[in-house]
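All values reported here derive from a predicted model rather than from experimental measurement. Naming convention: chains lettered A, B, ... in sequence-line order (proteins, then strands); numbering from 1 in each chain.
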Amino acid sequence: MTVLDLPSARQEAWRWSDMEALRAAAASPQAPAGINPADLFLDIDGPRLCFVDGVFEPAHSRPGPVEVTRQIAATDHPLGSLAIGEGWALHLGAEHAATCIQIVHLGTGGENHVPARILLADDAVATLVETFAGTGWANRLTAIALGKGARLMRSVRLVQTGGFVSIRDEAEIGEAASLVSIFLGAGGMGSRIDGALTLTGKGAFAEMGGALLTSGTQRQEAAVAVRHEQIEGTSRQIWRAVAADQSVASLAARVEVARGAQQTDGEQSLRGLLLQRTATVNLKPELEIFADDVKCAHGATVGELDRNALFYLQSRGIGEAQAKALLTHAFVTDALARIGEEPVREAFAADAAAWLEAAL
Amino acid sequence: MLNIQNLHAEVDGKEILKGLSLSLNAGEVHAIMGPNGAGKSTLGYVLGGRNGYAATSGSVTFDGQDLLELEPHERAAAGLFLGFQYPVEIPGVSNVQFLREAANAQRRNRGEAQLSGAEFLKLARAQAAALGMDAEMLKRPVNVGFSGGEKKRNEMVQMGILNPKLAILDETDSGLDIDALKAVGEGINRIMRAPDKAVLLITHYQRLLDYVQPDFVHVLAGGRIVRSGGPELALELEREGYGALAA
Ligand SMILES: Nc1ncnc2c1ncn2[C@@H]1O[C@H](COP(=O)(O)OP(=O)(O)O)[C@@H](O)[C@H]1O
Ligand SMILES: [Mg+2]
């Protein structure tokens, strides 16, 4: 791609985005990553797919029910619409289960684009873990459609050493279906995690949340909109941002409740922690409610580590850096606790711990 | 064991300790009593090394080492334990995780072997049982949702696990009902009454001293020890108040 037509910071929805970092990542030359993709899979049984610079690598894959296909993006999202070409699709029939599908995305420089489609028929169940490693600009569009009673648990970790990761999720969640997507940004890359979830069926459950950890001059961002169109829907957006040095972490979360979407239960919790006062956390919680019988709990706060807690830990023999790491880890724990499978949750916690050790 | 000479200390640029001297030998229990605002908690924080509680002059040695030179966690590893007047709640960190990390950090600092998970749990369960604390509470986040009495019992469980040489206990008796007071008093005696250990009990009232008999009682007022004596001094204070003595 020669000219990138990217959103500008003058657009409200993109004002915290680091398109400079994205451009630089896209223009970066490819160089051997020195990472064996096999090391990026968790030691869990299940199908595996590996993409290196956006190209499917059969040698490191055993796709099982996942199909590798070319796709056209059906979105007008400015970044998502660029994700066309070879990608993957998971179509599960009624009452089929595919557990712990792992997808590894390794970049060595330059830009790569991978579209994905997940279609779960009624009562189908899938769990998915995605890992972004290496460098360069990884751009992804994931379209998700869940039939009645279908359940998808998805965990995504961004641990690229540099470059940029942009993710656009577009999901439709049917009657009594459940989507949980948890993200961890614990690498050196910039990021934009962008989602539009629509609860299209009665009693649907939608969750998108996670933790962004930033240091140096890095900028990471999540921008999520959840739309309740039917009655008795539940949504959760639980995000934690930890920012060190001169970095910037931004969280924008929106809940829309359509007219008639009664008995909606929405929860939005955005919390930021500044490890130094030179860092920035931006929070933007938004509620747009057109129904009257709605419960929407929301909170947005930014703070520093609790001095009392820090001294309490130190007074028991824990050194300052370790005490800060413990408290910071506790701060992001609620967001990662939503991950259903224990080995995945532990792997993500270990990534967060490794980040903390380096940052503190 | 602990030797404080002419200690001056400031909090927020305001001098709170104004030439405090005090000496404790191994095997002794000392009580410090004094009116609110006298500087008792400040003394505990200065000895613990809390940020913002700076000694401006004087000296403190602990087993011959310059205590004021050490970081807070190094003081703990050297054998100092500070029981908090207001134990801190730490959401997201379990008691077990906190105490295991603390015990092992101290051991690492002293060049001792680490406790395994199983060894630690055994130790923690035994200490919880001795203090009448439900072992389930070890799994809960540190002090979160604990009652005042449970927090103070938890301080004593921590002391039992960490097994310090010198315990400075800041109003460990406040907010306790009579059963908890008895449990805490017995805990202090069991854990700390030994020829190679010492206790500095900071308290407001005589009642804890019914369970933990002090060898010496000191009155702290206006940032200084204004009077010292034996256990009878505590009774005299109880009868006559601080007013007359501090004057
Ligand atoms: N963090 C603080 N900032 C400012 N002043 C403080 C602080 N902590 C204590 N002080 C002051 O220091 C004095 C002694 O307080 P403290 O040591 O808590 O007394 P005690 O424990 O004997 O009741 C009081 O005048 C109190 O207001
Ligand atoms: Mg006090």
**Q** Should we say atom CG of B:Asn51 is surrounded by more than 12 heavy atoms from elsewhere, each under 6.0 Å from it?
**A**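 Atom CG in B:Asn51 is not packed in, count stays at 12 or less.
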
**Q** Take atom CZ of A:Arg151 as the centre, draw a 6.0 Å sphere, and report whether it contains more than 12 heavy atoms from other residues, nucleotides or ligands.
**A**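 No - once you tally the heavy atoms of other residues, nucleotides and ligands closer than 6.0 Å, there are 12 at most.
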
**Q** Looking at every non-hydrogen atom in both residues, tell me the closest pair between B:Ala105 and A:Gly317 and how far apart they are.
**A**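 Shortest heavy-atom separation between B:Ala105 and A:Gly317 comes out as CB-O, 3.2 Å.
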
**Q** With only heavy atoms counted, which part of B:Leu162 is less than 4.5 Å from chain A, the side chain, the backbone, both or neither?
**A**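 For B:Leu162, the side chain is the part near chain A, not the backbone.
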
**Q** At a 4.5 Å cut-off on heavy atoms, which part of B:Arg108 comes close to chain A: side chain, backbone, both, or neither?
**A**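 For B:Arg108, the contact with chain A is made by the side chain alone.
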
**Q** Nearest 0.5 angstrom please: B:Glu71 CD to A:Glu320 CD, how far?
**A**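 Here the interatomic distance stands at 7.0 Å.
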
**Q** To check you understand the geometry: which heavy-atom pair defines the closest contact between A:Leu313 and B:Ile90, and what is its length?
**A**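 Closest approach of A:Leu313 to B:Ile90, heavy atoms only: CD2-CD1, 3.7 Å.
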
**Q** Where do A:Ile318 and B:Ala102 come nearest, in terms of heavy atoms and distance?
**A**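 Heavy-atom minimum between the residues: CG1-CA, 3.6 Å.
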
**Q** Just wondering, do B:Arg50 and A:Asn308 contact through their side chains at under 4.5 Å, heavy atoms?
**A**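 Contact flag for A:Asn308/B:Arg50 side chains = yes.
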
**Q** Check whether any side-chain heavy atom of A:Leu326 sits under 4.5 Å from a side-chain heavy atom of B:Gln97, and report yes or no.
**A**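 They are in contact (side-chain heavy atoms under 4.5 Å apart), so the answer is yes.
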
**Q** Which bit of B:Arg75 is near chain A, if near means a heavy-atom gap under 4.5 Å: side chain, backbone, both or neither?
**A**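 Contact with chain A: none, neither part.
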
**Q** Using a 4.5 angstrom heavy-atom cutoff, name the option from B:Gln106, B:Glu101, B:Glu89 with the most pairs to chain A.
**A**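 Going by pairs under 4.5 Å, I would pick B:Glu101.
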
**Q** Counting heavy atoms not belonging to A:Phe41, are there more than 12 under 6.0 Å from its CZ?
**A**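 Yes.
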
**Q** What part of B:Asn143 is in contact with chain A, defined as an atom under 4.5 angstrom from a non-hydrogen atom: side chain, backbone, both or neither?
**A**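 When you check distances to chain A, only side chain atoms of B:Asn143 fall under 4.5 Å.
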
**Q** Which heavy-atom pair separates A:Phe311 from B:Gly48 by the least distance, and what is that distance?
**A**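 Closest approach of A:Phe311 to B:Gly48, heavy atoms only: CE1-O, 3.6 Å.
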
**Q** Quick one: sort the B:Phe84 and A:Tyr312 rings into parallel, tilted or perpendicular, breaks at 30° and 60°.
**A**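 It falls in the perpendicular class, over 60°.
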
**Q** Where on B:Pro141 is there a heavy atom nearer than 4.5 Å to chain A: the side chain, the backbone, both, or neither?
**A**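 The answer is neither part of B:Pro141.
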
**Q** Should we count CG of A:Asp39 as having more than 12 external heavy atoms under 6.0 Å?
**A**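 Result for CG/A:Asp39: enclosed.
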
**Q** Determine yes or no for a side-chain-to-main-chain donor-acceptor pair under 3.5 angstrom, with A:Arg316 supplying the side chain and B:His73 the backbone.
**A**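 Side chain of A:Arg316 to backbone of B:His73, a donor-acceptor pair under 3.5 Å: no, none is there.
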
**Q** Got a sec: does the CD of A:Glu286 have more than 12 other heavy atoms crowding it under 6.0 Å?
**A**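 Enclosed.
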
